[in-house]
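Working notes for the structure below.
Keep in mind that the numbers below use all heavy atoms, side chains included, and drop hydrogens, waters and symmetry copies. We number each residue from 1, following the sequence as shown. Note that the structure is a prediction, hence the values are computed from the model and not measured.
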Amino acid sequence: MSISAFTAAITGLLQTAQLSSGNSNIAQGLEFDAIAAAVIGGTSMAGGKGSVAGTLIGVLFVAILLNGMVLLGMNPYLQQVVRGTLVLIAVMINVIRARRAEASA
C-alpha cells in the first residue's frame, strides 16, 4: 500500500514539473484503463491472482488499442464502448478459464 502511494506521489510531482502547474483532475478516468490492463493481462476479478508480466502485456495492449483509436479519429464515446466491451470479454474469458480449471481439479 505504501509503495502505491509513493509511486503516485512521484508521478504527481513529475507531471506537475512537466506541465508547470497542478490540477487535481488531470488523470481522471485512468482508473478504468488500469483495471482493464490488469484484467486483460489475466488478473482474476474474483481472486486477484495475476502476474506482473501479464499485466505489462495488458498495459501494452490497452495503450496500443487506445493510440490506434485516436489515430483513426474514432469518436471518444465509441472508444469508451470499445474499452468496456474489451474488459467484458476479458472477464468472460477469465470466468471460463476458472470454471475449466475447477472442473479439471
Side-chain angles (χ1 to χ4, degrees):
M1 193 69 136
S2 62
I3 294 173
S4 175
F6 178 73
T7 56
I10 296 296
T11 302
L13 289 172
L14 290 173
Q15 199 153 34
T16 300
Q18 182 181 16
L19 298 175
S20 300
S21 67
N23 187 350
S24 63
N25 296 328
I26 203 145
Q28 191 173 14
L30 291 180
E31 306 88 3
F32 184 76
D33 292 337
I35 293 169
V39 170
I40 291 169
T43 302
S44 173
M45 295 292 283
K49 296 178 183 174
S51 68
V52 173
T55 302
L56 286 175
I57 291 170
V59 167
L60 288 174
F61 184 78
V62 169
I64 291 169
L65 179 73
L66 294 178
N67 192 23
M69 289 190 296
V70 169
L71 290 175
L72 290 173
M74 191 178 285
N75 184 344
Y77 297 112
L78 185 58
Q79 289 180 19
Q80 291 286 345
V81 171
V82 170
R83 288 155 67 188
T85 304
L86 188 66
V87 170
L88 183 64
I89 291 169
V91 169
M92 288 176 18
I93 290 171
N94 281 339
V95 167
I96 291 169
R97 280 192 328 189
R99 285 185 182 167
R100 285 187 182 168
E102 220 174 72
S104 67

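Counting only heavy atoms from C-beta outward, the side chains of Ile96 and Arg100 approach each other to under 4.5 Å. In this structure, Leu56 and Val52 have side chains that are in contact, with non-hydrogen atoms separated by less than 4.5 Å.
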Full working for side-chain contact (heavy atoms from CB on, under 4.5 Å) between Leu66 and Met69: CA-CA 5 Å; Leu66 294 178; Met69 289 190 296; 3.6 Å; yes
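Rounded to the nearest 0.5 Å, atoms OG1 (Thr85) and CD (Gln80) are 11.0 Å apart. With rounding to the nearest 0.5 Å, the separation of CD1 in Ile40 from CG in Leu60 is 11.5 Å. For the atom pair Leu71 CG and Ile64 CD1, the distance stands at 11.5 Å (nearest 0.5 Å). Expressed to the nearest 0.5 Å, how far OG1 of Thr11 lies from CG of Leu30 amounts to 11.0 Å.
Under the 4.5 Å side-chain heavy-atom criterion for grouping Ile, Leu, Val, Met, Phe, Trp and Tyr, Ile35 is connected to Val91 within one hydrophobic cluster. Both Leu78 and Leu65 sit in one connected hydrophobic cluster of ILVMFWY residues. Membership requires side-chain heavy atoms under 4.5 Å apart, directly or through other members. Note on Val59 and Ile93: separate hydrophobic clusters, where clusters join Ile, Leu, Val, Met, Phe, Trp and Tyr whose side-chain heavy atoms are under 4.5 Å apart, directly or indirectly.
Taking every heavy atom of both residues into account, Val39 and Asn94 meet most closely at O-ND2, 3.6 Å. Nearest heavy-atom pair across Gly50 and Thr43 is CA-OG1, 3.9 Å.
Proximity of a side-chain donor or acceptor of Thr55 to a complementary backbone N or O of Ser51 within less than 3.5 Å is detected.
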